[in-house]
There are 4 protein chains.
Amino acid sequence: MQKIIDEFKLHIDLAVEARDLVRGTRDIEVPGVEEKVEEFEHVKITTISILNQIGAEKMGKPIGTYITIETPPLKINNPYVNDEVIEAVAKSLSTLTAGKLGPKDLVLMVGLGNWRATPDALGPKFIQYSPITRHYHQFAPDALVEGMRPVSGLAPGVLGITGLETFEVIKGTVDNVKPALLIVVDALAAQDVDRIGTTIQMSDTGIQPGAGVGNARHALIEEELGVPVIAIGCPTIVSASIISVQAIKKFCAQGGAMYNDSVATASINSVLSRFGGSLAVTPKEIDDIIEYTSRTMAMGVAQSLFPGISREQLELYIT
Amino acid sequence: MQKIIDEFKLHIDLAVEARDLVRGTRDIEVPGVEEKVEEFEHVKITTISILNQIGAEKMGKPIGTYITIETPPLKINNPYVNDEVIEAVAKSLSTLTAGKLGPKDLVLMVGLGNWRATPDALGPKFIQYSPITRHYHQFAPDALVEGMRPVSGLAPGVLGITGLETFEVIKGTVDNVKPALLIVVDALAAQDVDRIGTTIQMSDTGIQPGAGVGNARHALIEEELGVPVIAIGCPTIVSASIISVQAIKKFCAQGGAMYNDSVATASINSVLSRFGGSLAVTPKEIDDIIEYTSRTMAMGVAQSLFPGISREQLELYIT
Amino acid sequence: MQKIIDEFKLHIDLAVEARDLVRGTRDIEVPGVEEKVEEFEHVKITTISILNQIGAEKMGKPIGTYITIETPPLKINNPYVNDEVIEAVAKSLSTLTAGKLGPKDLVLMVGLGNWRATPDALGPKFIQYSPITRHYHQFAPDALVEGMRPVSGLAPGVLGITGLETFEVIKGTVDNVKPALLIVVDALAAQDVDRIGTTIQMSDTGIQPGAGVGNARHALIEEELGVPVIAIGCPTIVSASIISVQAIKKFCAQGGAMYNDSVATASINSVLSRFGGSLAVTPKEIDDIIEYTSRTMAMGVAQSLFPGISREQLELYIT
Amino acid sequence: MQKIIDEFKLHIDLAVEARDLVRGTRDIEVPGVEEKVEEFEHVKITTISILNQIGAEKMGKPIGTYITIETPPLKINNPYVNDEVIEAVAKSLSTLTAGKLGPKDLVLMVGLGNWRATPDALGPKFIQYSPITRHYHQFAPDALVEGMRPVSGLAPGVLGITGLETFEVIKGTVDNVKPALLIVVDALAAQDVDRIGTTIQMSDTGIQPGAGVGNARHALIEEELGVPVIAIGCPTIVSASIISVQAIKKFCAQGGAMYNDSVATASINSVLSRFGGSLAVTPKEIDDIIEYTSRTMAMGVAQSLFPGISREQLELYIT
C-alpha cells in the first residue's frame with residue numbers, strides 16, 4: 001500500500017484512515033496517539049489526538065486533535081440524522097476552539113477548491129451557505145441580533161484558474177483583516193468510497209492545500225499565518241489508484257493469488273496512463289452530496305460560532 | 001469482461017470500443033459491419049457502418065453510421081490541432097446529414113446531462129457555446145447574415161433535478177417546433193482513460209439517455225421523435241468498475257496469476273460498495289477538458305450548419 | 001399615463017395596480033370586479049376577482065381571481081415576517097387550487113425568465129428551491145414520506161438564449177407529462193419601486209410570457225394547455241419610463257407646472273434613446289432580493305402542495 | 001445637476017462626462033486639463049489628461065490620463081467593429097503602461113464587482129475571459145510560448161457577499177505576489193444610457209471601489225498598493241435619479257416649464273423612495289452586453305500584455 005501511496009503521491013487526509021494504515025490488521029495502540037470514541041444514535045465521533053513527534057511521524061500527520069464524525073451511509077437522507085450531524089459539528093468545533101475565541105472575535109472562513117469541478121466545490125459551497133456578518137458591524141449594526149460575532153467568508157479559487165497560490169491570497173487577507181480564528185474548509189480524498197458524504201473531519205492543525213505540493217511555506221497553519229487554523233473537510237473522492245489496488249488485493253485474497261506491490265503498481269500505472277494520480281473516483285450523484293454536506297457543515301459551524309441564535313435567524317445572513 | 005459489463009449495467013458508448021470488444025485480440029472483420037479509416041496530420045477518423053441486424057447484434061448498437069474522431073492526447077493543447085478537429089467535426093456532420101437537411105431548414109440542438117456535475121455538463125456547455133439564430137428569423141431578420149439557417153438550443157436537465165424524463169421534454173418540444181433535424185450532445189463513458197477529451201463520436205442513430213434505462217419508448221431516435229437524430233458525444237468518464245477490472249487483468253498478466261471473471265466481479269463489487277456502477281473515474285482537470293471539448297465541438301457543428309460564415313461572425317450569435 | 005403605457009408597450013402585471021389605474025384618485029368600485037382585503041400582523045392579503053368581461057376590459061386583465069400578498073418593505077429582513085408570508089402563500093395557493101387538485105395529483109412547476117439576468121432569474125431560482133419528487137415515485141418510492149405527491153420542475157430559459165418560445169417547450173412537456181396542475185412563476189414589473197421584493201401575486205388565470213408579445217396563441221393558459229394554470233410572481237423591476245413619468249408628474253405637482261402627456265412621452269423617449277421600453281430600474285441589492293423572495297415563495301408553495309410535511313423533510317427533496 | 005449628484009451620492013465615473021459637466025453648454029477648455037481626439041472608422045478615442053491639482057478639482061477626478069474608447073451604438077453587433085475595438089483597447093493599454101512594464105513582468109488582474117448581479121458582473125467575467133499564465137511559469141514552462149509573461153487573475157467578490165473590503169483582499173494579495181502592474185476592471189455608471197456597452201474607459205489613476213465609500217485608505221491606487229494601477233471600465237448602468245432628472249429637464253425644455261433643481265430633487269426622492277441612489281437603470285439585454293464587452297475588453301488587454309501571440313494561442317490559457 002505504501003508503494004501505491006508513494007507512487008501516485010497520495011495524501012492520507014483522514015486521521016482515522018492514517019491510524020488504520022499504521023495499525024494494519026492488528027488492534028494495537030499507536031505510540032504518541034490517543035483515541036476516544038463516542039457513539040450516538042446515528043453518529044459516531046472519534047477524537048484522535050497526536051500528542052508528540054513520535055505520533056506525528058507514525059501517523060504522517062502533524063501534532064494536534066482530529067475529530068471525525070461518521071454517519072452510516074444509509075441514514076443520510078433523513079432530517080433527524082441531519083440534525084444530529086449538525087449538533088456534532090457544532091459541538092466538535094466548540095471543543096477545538098475552546099479558549100481561543102472570544103464571543104465577539106472576528107472569524108475568517110475560507111472555502112478551498114475549484115467551484116467549477118463538482119467534487120472540489122465543497123469549500124466554495126460551504127462559504128455560500130454560511131452566514132456572513134462582518135460588514136453589518138461596520139455599516140448596519142442595527143440589522144444584527146445582539147451578540148452576533150463578525151464573520152467573513154472567502155473562496156479564493158485554485159491555482160489553475162487564478163494563477164495564484166491559495167496561500168498568497170489567504171496570507172494577504174489575514175494580514176489585512178486580522179481575524180482571531182481562521183476556518184478552512186476543503187474537499188478531502190478518502191481510501192473508501194463509503195466515506196464519501198458520510199464522514200466529516202475537523203482538526204486544529206490547519207491544512208496543506210493541494211496534494212503533493214508539500215512545501216511547508218505554503219501550509220495554511222498557525223505558524224505561517226499567525227492565527228489559529230481549524231480545518232474542516234469531507235471526503236468527496238477516492239483516488240482511482242486506491243480503488244484499483246483494493247480491487248487487486250480483494251481479487252488475490254478471494255482468488256488465492258499472491259499479491260505483489262510492485263506488480264500492482266506497474267499494472268495500475270499502465271491502466272491510469274497519462275492522468276496517473278489525478279484520476280478521481282466519485283459517484284454520479286456527487287452534486288447532490290456536495291449540496292447536502294456543505295449545507296450541513298455550514299449549519300453546524302454557524303451553530304458553534306453564533307450560540308443561541310436560531311437557524312431561521314441565521315439564514316437571513318446567508319448571502 | 002462481459003460479466004463486468006452486465007454486473008455493473010455498463011453501456012458501451014463508443015462504436016470503436018464495441019468493435020474492439022467483439023474482436024478481442026483477433027484482427028478480424030465483424031460480420032455486418034464495415035469500417036473505413038482516414039489519417040490526417042493530428043487527427044484520425046474512423047467510420048464504422050453497422051449495415052444490418054447481424055452487425056447490430058454483434059456490436060450491441062443500432063444499425064447506422066458511427067464516425068469517430070481521435071486526437072493523440074498529448075496534442076490537445078495546440079491551436080493547430082484544434083482547428084483540425086473543428087474541421088473534422090464539421091466534415092463528419094455534413095457527411096451524416098447529407099441529403100437530410102436543406103440550407104434553410106430548422107435544426108434543434110439538445111444538450112443532455114446535468115450542468116451541476118462537471119463531467120456530465122458537456123451537453124449543456126455545448127449549447128452555451130453554439131450560435132442560436134431561430135428567434136432572429138422571426139423578430140430581427142436584418143441582424144442575420146444572408147443564408148443563416150434557424151437553429152434552436154435546449155438543455156433540458158436531468159430527471160434527478162427536474163423530475164422529468166429528458167424524452168418527455170424533447171418529444172414535446174420537437175412536436176411543437178418541428179425541426180428538420182435534431183442534434184443531441186451528451187457526455188460519454190469510455191473504456192480507456194486516454195479517450196477522455198480526445199475522442200469525439202458522431203452517429204446518425206440517435207441516443208439512449210441514461211445508462212441502464214433501456215426502455216425503447218424513451219430512446220431519442222427518429223422512430224420515436226419523427227425527425228432524423230444525430231448524436232454527438234465525447235467521453236468524460238470511465239466507470240470505476242472498468243478501471244478496476246483492467247487493473248486486475250494487468251496484474252494477472254504481469255504477475256502470472258490466473259484471471260477469473262467471477263472473482264474479479266465479486267472483488268470489485270465489494271470495493272465499490274453501495275455506489276456500485278454509479279462510481280465514475282474522471283481527471284481532476286475535467287472542468288478544463290469540458291470547456292475545451294464543448295467549445296471545439298460547438299464550433300465544428302456550427303461550421304457544418306452555417307457553411308461559409310466566419311467564426312467571428314458566428315460568435316455574435318452565441319448566447 | 002395610458003399614453004406612456006402604450007408608447008413603451010408596458011404591461012400592468014399586478015391586478016392591484018391595474019385597479020389603481022382604473023380608479024385613478026377616486027375611491028370607486030370597478031364594475032365587474034370584487035375585492036376583499038384581509039390584514040394580518042405583518043401581511044396584507046387583497047383578493048381581486050374579475051367576474052365578467054366588463055371587469056376584464058376595465059382592468060385589462062382576464063377573468064379570474066388575483067390574490068396579492070403585501071409586506072411592509074421595512075419588515076422583510078425578519079424571520080417572523082417571513083414565516084407569515086410563507087403561510088400566506090400556502091393558504092392563497094390552496095384557495096386557488098381548491099377542488100382542482102387531488103392529494104396524489106401530479107403538479108408541474110415552470111420557472112420562467114432568464115437565469116443570466118439577475119432580476120429575471122426569479123422563476124428559475126424558484127424551481128431550484130422547490131422540492132422535486134416525481135422521479136422518486138417511479139424509481140425510489142421508499143424514499144418518499146407517505147402521501148407526498150409527485151412534483152416536477154422546469155426552467156425552460158428564454159427565447160434569446162434558446163431560440164424557442166417558452167410556450168413551445170411547456171406545451172410539449174405538458175402534453176407528454178400530463179400534470180393535473182401547472183404552476184408558472186415569473187418576475188413581474190411594478191409601477192412602484194416599493195413593491196420590489198415586497199409584493200407577491202398569485203392568480204388562477206395563467207400568464208402571458210414576454211411583455212408585448214400579445215399573441216393569444218402563446219399564452220400559458222388553460223384554454224391553450226389543457227390544464228389549470230396558476231401564475232405566481234413578484235415584482236423585481238419598474239420600467240425606466242414609469243419612473244421618469246412619475247418624476248415629471250411629481251415635479252409638475254410640486255412645482256406648479258402643467259403636466260402634458262405628449263410632451264412627457266417625447267421627453268422620456270429622447271432620454272431612454274435606443275433602449276426604449278427595455279430599460280428596467282432595479283435596486284443594486286436585487287441579487288439578495290431574488291434569493292430571499294424565491295426561497296420564501298418556494299416554501300409557501302411547497303407547504304400547500306405537501307400539507308403536513310415539515311420544512312426539514314421537504315428540504316431533502318430540493319435538488 | 002450638481003444637487004442631484006450630491007443628493008444621491010452619485011459618482012461620475014467617466015472623465016468625458018465629468019468634462020461635459022464642467023463645460024456645460026460652453027465649448028471651453030478646462031484649466032489644467034488637456035484633451036486629444038482620434039477618429040477611426042468605427043471607433044473614437046478621446047485622451048483626457050488631468051495635469052495638475054487645478055484640473056483635478058475642476059474635474060472631480062485624480063491627476064492622470066483617461067483614455068475613452070467610443071463606438072456608435074448601432075455598430076456593436078459587427079465583427080469588424082469588434083476587431084477595431086480590441087485593437088483600440090490594446091493600443092491604449094500599451095500607451096498607459098509604456099515604460100512601466102518589462103516584457104516578462106508579472107501582471108495581476110482583478111475583476112471587481114458582484115458576479116451574482118448581472119450588471120455588476122463585468123469585472124469577474126473579464127477575468128474569466130482572460131488568459132492566466134503565471135502558474136505555468138512555475139509548474140509547466142514547456143506549455144508556454146516563448147515570451148509569454150506571467151499573468152494572474154482574481155475576482156475577490158463584494159463586501160455584501162464576503163464581509164471583506166475588496167481592498168483588504170487585493171492589498172494582501174499584492175503584498176504576497178508582488179506584481180509589476182495591477183489592472184482593475186469594474187462596471188461603471190454613466191450619465192447617458194447610450195453609453196451602456198459602447199464606451200470603454202482606461203486610466204492610469206487606479207480606482208475607488210464602491211460609490212460613496214470615499215475613504216482614501218481603501219482606494220486601489222499606487223500610493224496605497226505600491227504598484228502602478230490601471231483601471232478599466234465600461235458603463236453597464238445609469239442611475240435612476242439621473243434618468244429622472246434628464247426626463248424632467250427635457251420636459252421643461254420642450255414644454256416651456258421652468259426647471260428647478262430643488263423641486264426636481266424632492267420629486268425624484270419621493271419616486272425612488274426607500275431605495276434612493278441604489279436604483280440602477282439597465283437594459284433587459286444586459287446579460288448579452290456583459291458577455292460581449294467583457295470578452296472584447298479581455299482580448300484587447302491580452303493583445304497588449306502578450307504582443308505577437310495569436311488570439312487562438314491565447315484562448316488556450318483562458319481558464
Side-chain angles (χ1 to χ4, degrees), chain A residues 73-74 114-121 160-161 192-194 196 198 211 237-260 262-264 266-288 290-291, chain B residues 73-74 114-121 160-161 192-194 196 198 211 237-260 262-264 266-288 290-291:
Chain A
L74 298 172
N114 181 355
W115 50 76
R116 295 198 306 207
T118 311
D120 206 27
I161 288 181
D192 179 348
V193 295
D194 269 348
I196 294 175
T198 65
I237 59 159
V238 176
S239 163
S241 50
I242 292 289
I243 297 286
S244 304
V245 76
Q246 287 170 350
I248 293 172
K249 282 187 171 170
K250 283 264 182 212
F251 177 86
C252 291
Q254 296 190 4
M258 177 79 85
Y259 176 75
N260 175 314
S262 300
V263 176
S267 306
I268 294 166
N269 239 333
S270 134
V271 169
L272 303 190
S273 181
R274 65 174 165 127
F275 291 111
S278 111
L279 281 171
V281 174
T282 200
K284 283 192 182 140
E285 55 269 42
I286 186 65
D287 57 324
D288 289 339
I290 293 288
E291 285 294 317
Chain B
L74 298 172
N114 181 354
W115 49 76
R116 296 199 306 209
T118 310
D120 204 28
I161 288 181
D192 178 348
V193 295
D194 270 347
I196 293 176
T198 64
I237 59 160
V238 176
S239 162
S241 49
I242 292 288
I243 297 286
S244 304
V245 76
Q246 287 170 350
I248 292 171
K249 282 186 170 170
K250 283 265 182 212
F251 177 86
C252 291
Q254 295 190 6
M258 175 79 85
Y259 176 75
N260 175 313
S262 301
V263 176
S267 306
I268 294 167
N269 238 332
S270 133
V271 168
L272 303 191
S273 180
R274 67 176 163 126
F275 291 111
S278 111
L279 281 171
V281 175
T282 201
K284 284 196 181 138
E285 56 269 42
I286 187 65
D287 56 324
D288 290 340
I290 294 287
E291 285 294 317

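Remember, predicted model here, so these are calculated numbers, not experimental data. Labels below follow one simple rule: chain letters A, B, ... track the order of the sequence lines, proteins then strands, and each chain is numbered from 1.
- When all heavy atoms of A:Val193 and B:Ser273 are compared, the closest pair comes out as CG2-CB, 4.1 Å.
- In terms of heavy-atom pairs under 4.5 angstrom with chain A, the leader among B:Ile243, B:Asp194, B:Asn269, B:Ile268 is B:Asp194.
- A side-chain donor-acceptor contact under 3.5 Å links A:Ser267 to the backbone of A:Val263.
- Both the backbone and the side chain of A:Ala266 come within contact range of chain B, with heavy atoms under 4.5 Å apart.
- The contact between A:Asn114 and chain B is made entirely by side chain atoms (from C-beta outward), counting heavy-atom distances below 4.5 Å.
- Both the backbone and the side chain of A:Ala280 come within contact range of chain B, judged by heavy atoms closer than 4.5 Å.
- With rounding to the nearest 0.5 Å, the separation of CG in B:Leu279 from OG in B:Ser241 is 8.5 Å.
- The candidate from B:Arg116, B:Met258, B:Glu291 with the greatest count of non-hydrogen atom pairs under 4.5 Å with chain A is B:Arg116.
- Ranked by heavy-atom pairs under 4.5 Å with chain A, the list B:Ser270, B:Gly277, B:Ala257 is led by B:Ser270.
- The only option from A:Ile237, A:Thr282, A:Val281 that meets the side-chain contact (heavy atoms from CB on, under 4.5 Å) definition with B:Val281 turns out to be A:Val281.
- By the 4.0 Å N-to-carboxylate-O rule, A:Asp120 lies too far from B:Lys284 to be salt-bridged with it.
- Contacts between A:Phe251 and chain B at a heavy-atom distance below 4.5 Å involve backbone atoms as well as side-chain atoms.
- Counting heavy-atom pairs closer than 4.5 Å to chain A, the top-ranked of the candidates B:Leu272, B:Asp192, B:Val238 is B:Leu272.
- Within the model, atoms CG of A:Asp287 and OG1 of B:Thr118 stand 9.0 Å from one another, a figure rounded to the nearest 0.5 Å.
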